[in-house]
Amino acid sequence: MVRLLMRVLLSQYAIGLISLLICIPMVITLTEIPKSLWLKPDIHEEMEIVTGIGIIMIGWGVLLEERKTLREIFGLLGTPDEAWQELIDHKCHNYGVGQLSIGLIAEICIELIKIPNTIIYTGEVDDYLVAAGLFFVGVGALLLVRHVLVMFFFLPRSAVATH
C-alpha cells in the first residue's frame, strides 16, 4: 500500500501538480510584498514571508533532487519503465538543484538583514535586500513553472531513447 502511494506521489504528474501548487504562494508573494515594501519602516512581515517561501523552495528542491533516492527507499527501482523513471529522476534532480540554490540565495538576502549592524551594516539597504530576496523568489517561481511544463507536456516518452 505504501509503495503504491509513493509511486503515485513520485509520479511526474503528482510532482508537476505539487510544483504548480507551490507556485501559488510564490506568485501571491510577488504581487503583495512590492505594494508595501518601501512605504513603511517595519519590514519584519515582508522578511518573514520571503523567509517562509525560501524555506519552501529549499525543501521542495531537496525532495525533487532526491527523487531517485526516495524511489530506492520505497523499493520502486527496477520497474519495467525504469528508463522512463530515470529520465524523470534526471529532470527532477536538475530542477531540484536549481530550486534549492535559488531558495538559498533568497534566504541569504534576508539573513543579511538579521545579522546585527555591528557585524554587517545593512541599515539603509534592508528594503533592497528584501527586494533582492523577492527577485530570487520570482526566479524560483519561473523555474517551477518551467518544471511544471516539463512534467506535464514536454517530457515525451520518445526522449527515453535519447537519454
Side-chain angles (χ1 to χ4, degrees), residues 5-71 73-74 87-156 159:
L5 176 63
M6 289 312 295
R7 185 158 177 88
V8 169
L9 289 176
L10 294 173
S11 73
Q12 75 182 86
Y13 298 112
I15 288 171
L17 179 62
I18 294 167
S19 288
L20 185 61
L21 291 174
I22 291 172
C23 282
I24 294 169
M26 293 171 84
V27 170
I28 293 169
T29 298
L30 291 169
T31 59
E32 291 301 314
I33 288 183
K35 293 177 183 176
S36 63
L37 191 55
W38 281 277
L39 300 178
K40 60 182 191 170
D42 182 23
I43 57 169
H44 290 300
E45 183 178 28
E46 289 80 0
M47 289 171 51
E48 288 300 315
I49 293 169
V50 173
T51 295
I53 296 295
I55 290 169
I56 291 168
M57 292 168 64
I58 293 165
W60 185 237
V62 170
L63 286 170
L64 287 175
E65 184 182 23
E66 295 299 328
R67 181 182 184 268
K68 184 173 184 174
T69 303
L70 290 169
R71 288 190 322 111
I73 289 169
F74 290 99
L87 177 62
I88 297 170
D89 290 342
H90 178 72
K91 295 295 183 184
C92 285
H93 179 81
N94 289 347
Y95 282 98
V97 168
Q99 198 67 27
L100 170 62
S101 301
I102 294 166
L104 284 170
I105 295 170
E107 280 292 301
I108 289 168
C109 293
I110 301 304
E111 291 305 316
L112 285 170
I113 299 169
K114 293 179 182 179
I115 295 174
N117 282 334
T118 56
I119 306 297
I120 299 176
Y121 186 75
T122 62
E124 282 84 34
V125 296
D126 288 355
D127 290 339
Y128 293 100
L129 286 169
V130 173
L134 199 57
F135 170 79
F136 288 108
V137 168
V139 172
L142 290 174
L143 184 69
L144 272 186
V145 167
R146 184 171 173 175
H147 185 239
V148 168
L149 293 173
V150 167
M151 289 293 108
F152 284 149
F153 304 111
F154 299 115
L155 198 59

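The closest side-chain heavy-atom distance from Met151 to Cys92 is below 4.5 Å. Looking at Leu63 and Leu70, their side chains come closer than 4.5 Å, going by heavy atoms from C-beta outward. At a threshold of 4.5 Å between non-hydrogen side-chain atoms, the residues Glu46 and Lys40 count as touching. Put simply, the side chain of Leu100 does not reach to within 4.5 Å of the side chain of Met57, judged on heavy atoms. With contacts defined as side-chain heavy-atom distances shorter than 4.5 Å, the pair Leu134/Leu30 qualifies. In this structure, the side chains of Phe136 and Ile108 stay at 4.5 Å or more apart for every pair of heavy atoms.
No side-chain donor-acceptor contact under 3.5 Å links Ser19 to the backbone of Gly16.
Distance check, rounded to the nearest 0.5 Å: CG of Leu17 to CD1 of Ile22 gives 10.0 Å. Atom CD1 of residue Ile113 and atom OH of residue Tyr128 lie 13.0 Å apart, to the nearest 0.5 angstrom. Put simply, CD1 on Ile55 and CD1 on Ile58 are 6.5 Å apart, with the number rounded to the nearest 0.5 Å. Rounded to the nearest 0.5 Å, atoms OG1 (Thr69) and NE2 (His93) are 9.5 Å apart. The CG atom of Leu10 sits 9.0 Å away from atom CG of Leu5, with the distance rounded to the nearest 0.5 Å. Rounding to the nearest 0.5 angstrom, the gap separating the OG1 atom in Thr29 from the CD1 atom in Ile49 is 6.0 Å.
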Show, in sequence, the C-alpha distance, side-chain angles and deciding distance for Lys114 and Thr51, and conclude whether the side-chain contact (heavy atoms from CB on, under 4.5 Å) test is met. CA-CA 11 Å; Lys114 293 179 182 179; Thr51 295; 3.9 Å; yes

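Of all heavy-atom pairs spanning Met47 and Val130, the tightest one is CG-CG2, 3.8 Å. Minimum interatomic distance between Val137 and Met26 (heavy atoms only, all atoms of both residues): O-CE, 3.3 Å. Of all non-hydrogen atoms in Leu9 and Ala14, the two that sit nearest each other are O-CB, 3.6 Å. Between Leu112 and Thr122, the closest heavy-atom pair is O-CG2, 3.7 Å. Scanning all heavy atoms of the two residues, the minimum distance from Ala106 to Val50 falls at O-CG1, 4.4 Å. A pairwise comparison of heavy atoms in Gly123 and Asn117 identifies N-OD1, 3.8 Å as the closest pair.
In summary, the side chains of His90 and Asn94 do present a donor paired with an acceptor at a separation below 3.5 Å, with no hydrogens or angles considered.
The neighbour count for Phe152 CZ, taken as heavy atoms of other residues, nucleotides or ligands under 6.0 Å away, is above 12.
Ring geometry for Tyr95 versus His147: interplanar angle of 30 to 60°, hence tilted.
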